[in-house]
Structure formats: C-alpha cells, structure tokens
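Report on one structure; see the data block that follows.
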Amino acid sequence: MSTSHTFSGSRVDFSLNTTATGIRVIGIATDVIVPFGDIMVFDDMSRTAKNTIDMIHHVTSHFEGYTAWETQADLPVNFLRTSAYWSPTTAVFPDREDKVVVSYIIASEFTALGGWDWSFDKNWDKNGDNKIDDDVKNLPDYVDRSVYNEDWHNYRAKYWTDSWRDQIAKKIDHVASQGFDGVMMDVMTGWGGWVGKTSNSEAWLKDQMAELFRWISDFAKEKYGSSFVIT
C-alpha cells in the first residue's frame, strides 16, 4: 500500500524534481523526497510520485486524442497526449501512476476555431469567420493580421515577442494546475510561415524558434521541476 505525503498548498506552489529514488518536492518551508510509488497530496489534487524522465525515454505505447478525459485516462498506453480544459475550471486529470500524460499547446500559432484558444480573443471575431475583424484595434504585438494560415484557419504568432511568451506561460501554468505531467508543444516548424512575409532572414526565424523552445523548457523546469516534461 502506498504511503501518502501531505503538503499545504496547491500543486502549482511546488517544484517537483526527479531524483534517483523519488520526487524531491520543494515549496515554502518544504524540501523532501517522496519515494517513487508514494502519493503526494496537495490541497487541490493527489499525484503519484513517478519517474517521468525515465518513463518518457522508454515509451512503448502511445495515444493522442481529444475526447473526454474519462475515456482516455485508462487506455493501455504509457504515453498519453491530450488537451487541458481551457475554459475556467478546477478539473484535474485523473492520476495515473503508469503513464506520462501531457497536454497539447500550440507553440507558434493561435486560432479562433473551436473557441478554445485563449490567445484569440473572442471579441476579435464578431462575424464568426475565424478571422480578426477589420475594425479591431489595439491588438497585442504577437498578432499580425497578414500572416494567416488558410489551411488551418489560424494565425502565425510573432513567436519572438515577450507578449507571446506570456501567452505560453499562462497555458503552461493552467496545464500544471490540472495535474498534467507536462506539455506537448506543436508546430515547431512555425517559423516557415514567416518566410518572405517579414524582413527577418530565414536563419533568424529558425534561431528565434529554437530560442523559444529553450525559454519554454527553462520556464517550466524552473517553476514546476524536472519531473514536468516538455515534449
């Protein structure tokens, strides 16, 4: 039977770091190692201490899907890619000690399609065509109306701006608050959509994309610990 270790605070108040024998939990007045297999009980959720670093390097089965969590949590896979609930909610993904579960985040694009993406303000699209209306003013600087991806009905973000990093940070924070083991960042090739549409060189665009992913990893690891995986 697993031993429970109780911590005063929410999951997001702690950094969970993988060690050789367990998860080192670091927070306010807290620095303890919870052995693998034991339960970490926070104010908002309970999670099993598991070696996500080792698990993510030994994936034998995986699944990606975006249906209800309860239809996916018990799938016989050890790597599950799905999505957080992006509406304001306290929902927590069911704890599964035998799999790494990550939430989908778009690294370099934003969309009105489906109404789920925080980075596209619903007030920008009054006529429902999934595009920013012509009369919208004072857009954040990650937005460029001219760089629209017709195939996917979304906009390519100026992913090198601080305002875009703020968007990514908020999404990572939300994912952590719902109990995911990490994030899956999509569209690493998003730099290609800017070629010929900006004065910046292709090499610069590639470098900025690589720098974004370095920043994402540093941000998540520093705030949520080495057990929080970036894929």
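With hydrogens and angles ignored, the 3.5 Å screen pairs a side-chain donor or acceptor of Ser108 with a backbone N or O of Val187. Remark: side-chain polar atoms of Asp43 are not paired, donor with acceptor, to backbone N or O of Ser8 under 3.5 angstrom. Within the 3.5 Å criterion, the main-chain N or O of Arg214 finds no donor-acceptor partner in the side chain of Ser217. When atom types are taken as modelled, the side chain of Ser2 and the backbone of Gly37 share a donor-acceptor pair closer than 3.5 angstrom. Between the side chain of Asp133 and the backbone N or O of Val136, no donor-acceptor pair lies under 3.5 Å. Here the side chain of His57 pairs a donor or acceptor atom with the backbone of Ile53 at under 3.5 angstrom. Formation of a donor-acceptor pair under 3.5 Å by the Ser119 side chain with backbone atoms of Glu109 is not found in this model. For the pair Asp117 (side chain) and Ala112 (backbone), a donor-acceptor distance under 3.5 Å is absent. Using modelled atom types, one side-chain atom of Trp118 and one backbone atom of Trp86 make a donor-acceptor pair closer than 3.5 Å. Between the side chain of Lys221 and the backbone N or O of Phe228 there is at least one donor-acceptor pair closer than 3.5 Å.
To the nearest 0.5 angstrom, Asp13 atom CG is 9.5 Å from Lys223 atom NZ. Within the model, atoms OG of Ser177 and OH of Tyr85 stand 13.5 Å from one another, a figure rounded to the nearest 0.5 Å. Going from atom OG1 of Thr30 over to atom NE2 of His5 covers 13.0 Å, rounded to the nearest 0.5 Å. Rounding to the nearest 0.5 angstrom, the gap separating the CZ atom in Phe180 from the OG atom in Ser103 is 4.5 Å. In this structure, NZ on Lys158 lies 9.0 Å from OG on Ser163, to the nearest 0.5 angstrom. The distance from the CD1 atom of Ile56 to the NZ atom of Lys99 is 12.5 Å, given to the nearest 0.5 Å.
Smallest separation of non-hydrogen atoms from Phe219 and Ala169: CZ-CB, 3.6 Å. A pairwise comparison of heavy atoms in Leu212 and Ala107 identifies CD2-O, 3.5 Å as the closest pair. Nearest approach of Val143 to Trp124, heavy atoms of both residues: CG2-CH2, 3.9 Å. Between Asp129 and Asp125, the closest heavy-atom pair is OD1-OD1, 3.0 Å. The shortest non-hydrogen separation linking Ser10 to Phe42 is C-CB, 4.2 Å. Between Pro76 and Ser61 the shortest heavy-atom distance is O-OG, 3.7 Å.
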Derivation of the side chain to side chain contact (heavy atoms under 4.5 Å, CB included) call for Arg24 and Ile33: CA-CA 4 Å; Arg24 184 181 179 190; Ile33 293 179; 4.1 Å; yes

Step-by-step salt bridge (charged side-chain N to carboxylate O under 4.0 Å, His left out) determination, Asp44 to Arg11: CA-CA 7 Å; Asp44 54 347; Arg11 157 65 183 101; over 6 Å; no

Verdict with supporting geometry, Tyr159 and Trp164, ring-ring contact (aromatic ring centres under 6.0 Å, His included): CA-CA 6 Å; Tyr159 55 84; Trp164 183 248; 8.7 Å; no

side-chain hydrogen bond (donor to acceptor under 3.5 Å, both in side chains) evaluation trace for Asn130 with Thr111: CA-CA 7 Å; Asn130 298 316; Thr111 183; over 6 Å; no

Test side-chain hydrogen bond (donor to acceptor under 3.5 Å, both in side chains) applied to Tyr155 and Asp144, step by step: CA-CA 8 Å; Tyr155 288 87; Asp144 187 326; over 6 Å; no

CA sep, side-chain torsions, deciding dist, call: Trp116, Tyr66, ring-ring contact (aromatic ring centres under 6.0 Å, His included): CA-CA 12 Å; Trp116 64 271; Tyr66 300 97; 8.9 Å; no

From CA spacing to verdict: side chain to side chain contact (heavy atoms under 4.5 Å, CB included), Gln72, Leu80: CA-CA 8 Å; Gln72 301 179 72; Leu80 175 62; 3.8 Å; yes

Side chain to side chain contact (heavy atoms under 4.5 Å, CB included) evaluation trace for Gln178 with Phe93: CA-CA 6 Å; Gln178 294 196 347; Phe93 195 93; 5.7 Å; no

Verdict with reasoning, Leu113 to Phe120, per side chain to side chain contact (heavy atoms under 4.5 Å, CB included): CA-CA 9 Å; Leu113 201 63; Phe120 192 108; over 6 Å; no

Residue pair Phe110, Tyr142: steps toward the ring-ring contact (aromatic ring centres under 6.0 Å, His included) verdict: CA-CA 10 Å; Phe110 60 98; Tyr142 65 80; 5.4 Å; yes

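Other residues, nucleotides and ligands place no more than 12 heavy atoms under 6.0 Å from the CD atom of Glu222. Around CZ of Arg47, the count of heavy atoms belonging to other residues, nucleotides or ligands within 6.0 Å exceeds 12. Around the NZ atom of Lys170, the shell of radius 6.0 Å holds no more than 12 heavy atoms that belong to other residues, nucleotides or ligands. Asp134 CG: 12 or fewer foreign heavy atoms inside a 6.0 Å radius.
For the side-chain hydrogen bond (donor to acceptor under 3.5 Å, both in side chains) with Arg96, the qualifying choice from Asp74, Asn78, Thr48, Asp181 is Asp74, the only one to do so.
In this structure the side chain of Ile105 never reaches within 4.5 angstrom of the side chain of Asp186, judged on heavy atoms.
Residues Ile23 and Val41 do not share a hydrophobic cluster, clusters being chains of Ile/Leu/Val/Met/Phe/Trp/Tyr side chains in contact below 4.5 Å. A continuous path of Ile, Leu, Val, Met, Phe, Trp and Tyr side chains, each step under 4.5 Å between heavy atoms, connects Val102 with Tyr224, placing both in one hydrophobic cluster. Cluster membership for Val175 and Phe79, using ILVMFWY side-chain heavy atoms within less than 4.5 angstrom, is shared. At a threshold of 4.5 Å between side-chain heavy atoms, the hydrophobic network of Ile, Leu, Val, Met, Phe, Trp and Tyr places Ile216 and Leu16 in two separate groups. When the side chains of ILVMFWY residues are joined at heavy-atom separations under 4.5 Å, either directly or via intervening members, Leu75 and Tyr104 end up in a single hydrophobic cluster.
Aromatic rings of Trp191 and Trp204 (six-membered ring for Trp) have centroids beyond the 6.0 Å cut-off, not under it.
Defined by atom type and a distance below 3.5 Å, a donor-acceptor pair is missing between the side-chain atoms of Thr19 and Asn17.
In this structure, Lys131 forms a cation-pi arrangement with Tyr148, its terminal cationic atom sitting closer than 6.0 Å to the ring centre and no more than 45° off the ring axis.
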